[in-house]
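These values consider heavy atoms only, across backbone and side chains, with no hydrogens, waters or symmetry-generated copies.
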Amino acid sequence: MTPAVWRGLAAIGAGLPAEIRVVVLRGAGPSFCAGIDLRMFSAEGVPGEDPPLSAADPAFERSVAAYQEGYLWLRDPDIVSIAAVQGHAIGAGFQLALACDLRILADDAKLCMKEPALGLVPDLTGTKPLVDIVGLPRAIELCLTARTVSAAEAAQLRLAELVVPAADLDAAVADLTAALLATDAAAARATKRLLIQAGANNLEQQAAAERQAQTTLLRARLASS
């Protein structure tokens with residue numbers, strides 16, 4: 001992972017055709033993502049890339065916000081994002097898996113929030129989904145020890161919707177994608193929006209949101225019939 005990768009991910013999200021409903025992220029090779037290219041922190045830097053801004057630069061926080069754009073679009077209500085994780089998902093790679101709606105792990109997967117061990121904080125939008133999924137105490141333990149989580153433990157912690165043998169990862173992702181695409185597109189998108197809202201709403205607010213969503217969905221269908 002380098003700034004060019006994060007900018008590339010953001011460009012994919014910005015240019016995603018409207019008809020796309022499912023996005024699958026998969027690493028090439030034996031690992032999903034080994035994390036930040038540590039050459040970014042060396043005097044030599046990463047060949048072909050400008051050095052990252054110093055934290056003393058007034059634009060530093062804006063540069064991090066631009067990197068985060070490579071992750072934030074994966075939560076878009078118009079798509080369902082799936083991380084197909086094989087091998088290592090370390091630091092920025094673990095956060096990329098956490099940015100997705102769903103995670104299918106090969107049984108050789110290993111997850112680690114490495115940033116604190118490098119003297120950094122996880123800043124690529126991973127802290128909120130991690131706390132939402134595993135709870136605050138476990139998130140503290142995972143981040144501040146920077147320990148590695150196996151695929152089996154990830155399933156126990158609800159960090160994986162499914163763990164399969166590595167040889168079956170592609171088939172499992174294909175099956176899930178087919179099942180998601182079998183659902184009515186407009187209903188799926190409206191339902192995802194409702195589910196995203198649910199955590200911040202009380203019951204009365206969520207009930208109102210459901211009524212409004214149903215009315216909007218069905219009126220649009222009547223208008224197009």
Please check: side-chain N/O of [X] versus main-chain N/O of [Y], any donor-acceptor pairing under 3.5 Å?
X: Gln214; Y: Ala209; result: no
X: Ser31; Y: Gly87; result: no
X: Lys114; Y: Gly35; result: no
X: Ser42; Y: Gly45; result: yes
X: Trp73; Y: Leu16; result: no
X: Asp101; Y: Ser81; result: yes
X: Gln86; Y: Gly27; result: yes

Practice problem: Assess whether atom CD of Glu19 is packed by more than 12 heavy atoms of other residues, nucleotides or ligands within 6.0 Å. | Solution: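 It does: Glu19 CD has more than 12 such atoms within range.
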Please tell me if the side chains of [X] and [Y] come closer than 4.5 Å, counting only heavy atoms from C-beta onward.
X: Leu98; Y: Thr125; answer: no
X: Thr148; Y: Lys110; answer: yes
X: Ile90; Y: Leu111; answer: no
X: Leu176; Y: Ile104; answer: yes

Just verifying a value: how many Å separate [X] [atom1] and [Y] [atom2], rounded to the nearest 0.5 Å?
X: Lys192; Y: Arg75; atom1: NZ; atom2: CZ; result: 9.5 Å
X: Arg211; Y: Gln206; atom1: CZ; atom2: CD; result: 11.0 Å
X: Phe94; Y: Phe32; atom1: CZ; atom2: CZ; result: 11.0 Å

Quiz item: Linking I/L/V/M/F/W/Y whenever any side-chain heavy atoms sit under 4.5 Å apart, do Leu105 and Leu130 land together?
Solution: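 Linked, Leu105 and Leu130 end up in one cluster.
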Quiz item: If you group Ile, Leu, Val, Met, Phe, Trp and Tyr by side-chain heavy-atom gaps below 4.5 Å, do Leu25 and Ile20 land in one group?
Solution: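 Yes, it is one cluster - the side chains of Leu25 and Ile20 are joined through contacts under 4.5 Å.
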Can you list everything that forms a side chain to side chain contact (heavy atoms under 4.5 Å, CB included) with [X]? Sequence neighbours excluded, please.
X: Leu38; value: Phe41, Leu118
X: Arg219; value: Thr215
X: Ala213; value: Leu194
X: Asp50; value: none

When the side chains of residues 52-59 are checked against the rest of the protein, which donor-acceptor pairs come out under 3.5 Å, sequence neighbours left out?
| from | atom 1 | to | atom 2 | distance (Å) |
| --- | --- | --- | --- | --- |
| Ser54 | OG | Ala56 | N | 3.0 |
| Asp57 | OD1 | Ala59 | N | 2.8 |

Given a cutoff of under 4.5 Å between side-chain heavy atoms of I, L, V, M, F, W and Y, with clusters grown through shared members, what are the other residues clustered with [X]?
X: Leu217; value: none
X: Val121; value: none
X: Ile196; value: none
X: Leu222; value: none

Quiz item: Got a salt bridge between Arg221 and Asp184, using NZ or NE/NH1/NH2 to carboxylate O under 4.0 Å?
Solution: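 A salt bridge is present here (some side-chain N lies under 4.0 Å from a carboxylate O).
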Quiz item: Is Asp78 salt-bridged to Arg21, cutoff N-O under 4.0 Å?
Solution: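 No salt bridge links Asp78 with Arg21.
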Quiz item: Between Arg39 and Glu49, is a salt bridge (charged side-chain N to carboxylate O under 4.0 Å, His left out) present by the stated rule, with each step listed?
Solution: CA-CA 11 Å; Arg39 293 177 298 176; Glu49 290 214 31; over 6 Å; no
Self-check item: Contacts of Thr127 that satisfy side chain to side chain donor-acceptor pair (under 3.5 Å) - sequence neighbours left out
Solution: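 Listed in chain order: nothing, the list is empty.
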Determine all donor-acceptor pairs shorter than 3.5 Å in which one atom belongs to a side chain in residues 60-69; sequence neighbours excluded.
| from | atom 1 | to | atom 2 | distance (Å) |
| --- | --- | --- | --- | --- |
| Ser63 | OG | Phe60 | O | 2.6 |
| Gln68 | NE2 | Asp123 | O | 2.8 |

Anything under 3.5 Å between a donor and an acceptor, one on a side chain of residues 158-173, the other on a protein residue two or more places apart or in another chain? List them.
| from | atom 1 | to | atom 2 | distance (Å) |
| --- | --- | --- | --- | --- |
| Arg158 | NH2 | Ile133 | O | 2.4 |
| Glu161 | OE1 | Arg103 | N | 2.7 |
| Asp170 | OD1 | Arg26 | NH1 | 2.3 |

